[in-house]
Amino acid sequence: MTGNITFTIIKPCAVSHEYIGDILKMISAAGFSIAAMKYTKLSQIQGAYFYNVHKEKPFFEDLVEFMTSGPIVVAILEKENAVEDYRKLIGNTDPAKAEPGTIRKLFAESIQRNAVHGSDSDSNARKEADFFFSKSERFDRGGHFLELVPVEDV
Ligand code: IDP
Ligand code: MG
């Protein structure tokens, strides 16, 4: 089943360069609507939990240090085929390999400081959305509480 939400983070590098507005404009222009959003900062524990899948990678500790180094914007984005379409909009993990016009091509500094996070699957999108937002903080386009299907059905 193709999910209709994805989860994004505008990373500390992009926030500190004042790119929040430009990135949100691209997200909106690409047809995503914001179902939830907050300005926050990750603790060490939250950063390590969020990137737990990468804990064996050589870049893990640096990544958590970077992601906890300053404020971020976290958001749930709603659109048909959200995960795949958002990965296309952000581009390759490495900005040197990202397509022209993608968010990472335009705003990333390096493979680590690559401006934004985007979920890699429907089930991870749901888990990441649940990690940051309660049911009462998520809204559909009509302004009603966003109903999400259970993770196991995504
Ligand atoms: P993704 O963000 O495109 O899904 P992942 O492979 O899931 O890429 O990696 C998570 C994050 O870890 C990346 O967005 C980037 O910030 C960082 N990262 C990935 N590969 C490297 C690397 O080779 N060196 C340093 N940081 C990396
Ligand atoms: Mg990933």
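Note that ligands are numbered from 1 as they come in the structure, with each ligand's atoms numbered from 1 the same way.
- Shown here are the salt bridge (Lys or Arg N to Asp or Glu O under 4.0 Å) partners of E137, two or more places apart in sequence or in another chain: K38.
- Ring orientation note: the planes of H54 and F59 are tilted relative to one another, at an angle of 30° to 60°.
- In terms of the side-chain hydrogen bond (donor to acceptor under 3.5 Å, both in side chains) criterion, K55 has no residue partners (sequence neighbours excluded).
- For R113 (side chain) and A14 (main-chain N/O), no donor-acceptor pair under 3.5 Å exists by modelled atom type.
- Residues passing the salt bridge (Lys or Arg N to Asp or Glu O under 4.0 Å) test with K88 are E84, sequence neighbours excluded.
- Here D120 does not pair with R87 in a salt bridge; the nearest charged N to carboxylate O distance is not below 4.0 Å.
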Quick one: ligand 1 N/O to protein N/O pairs below 3.5 Å?
{"from": "ligand 1", "atom 1": "2 (O)", "to": "R104", "atom 2": "NH2", "distance (Å)": "3.0"}
{"from": "ligand 1", "atom 1": "3 (O)", "to": "R87", "atom 2": "NH2", "distance (Å)": "3.0"}
{"from": "ligand 1", "atom 1": "3 (O)", "to": "T93", "atom 2": "OG1", "distance (Å)": "2.5"}
{"from": "ligand 1", "atom 1": "3 (O)", "to": "R104", "atom 2": "NH1", "distance (Å)": "3.0"}
{"from": "ligand 1", "atom 1": "3 (O)", "to": "R104", "atom 2": "NH2", "distance (Å)": "3.4"}
{"from": "ligand 1", "atom 1": "4 (O)", "to": "R87", "atom 2": "NH1", "distance (Å)": "2.8"}
{"from": "ligand 1", "atom 1": "4 (O)", "to": "R87", "atom 2": "NH2", "distance (Å)": "3.2"}
{"from": "ligand 1", "atom 1": "7 (O)", "to": "H54", "atom 2": "NE2", "distance (Å)": "2.9"}
{"from": "ligand 1", "atom 1": "8 (O)", "to": "T93", "atom 2": "OG1", "distance (Å)": "3.3"}
{"from": "ligand 1", "atom 1": "9 (O)", "to": "H54", "atom 2": "NE2", "distance (Å)": "3.4"}
{"from": "ligand 1", "atom 1": "14 (O)", "to": "K11", "atom 2": "NZ", "distance (Å)": "2.9"}
{"from": "ligand 1", "atom 1": "14 (O)", "to": "N114", "atom 2": "ND2", "distance (Å)": "2.9"}
{"from": "ligand 1", "atom 1": "16 (O)", "to": "K11", "atom 2": "NZ", "distance (Å)": "3.0"}
{"from": "ligand 1", "atom 1": "16 (O)", "to": "Q112", "atom 2": "O", "distance (Å)": "2.9"}

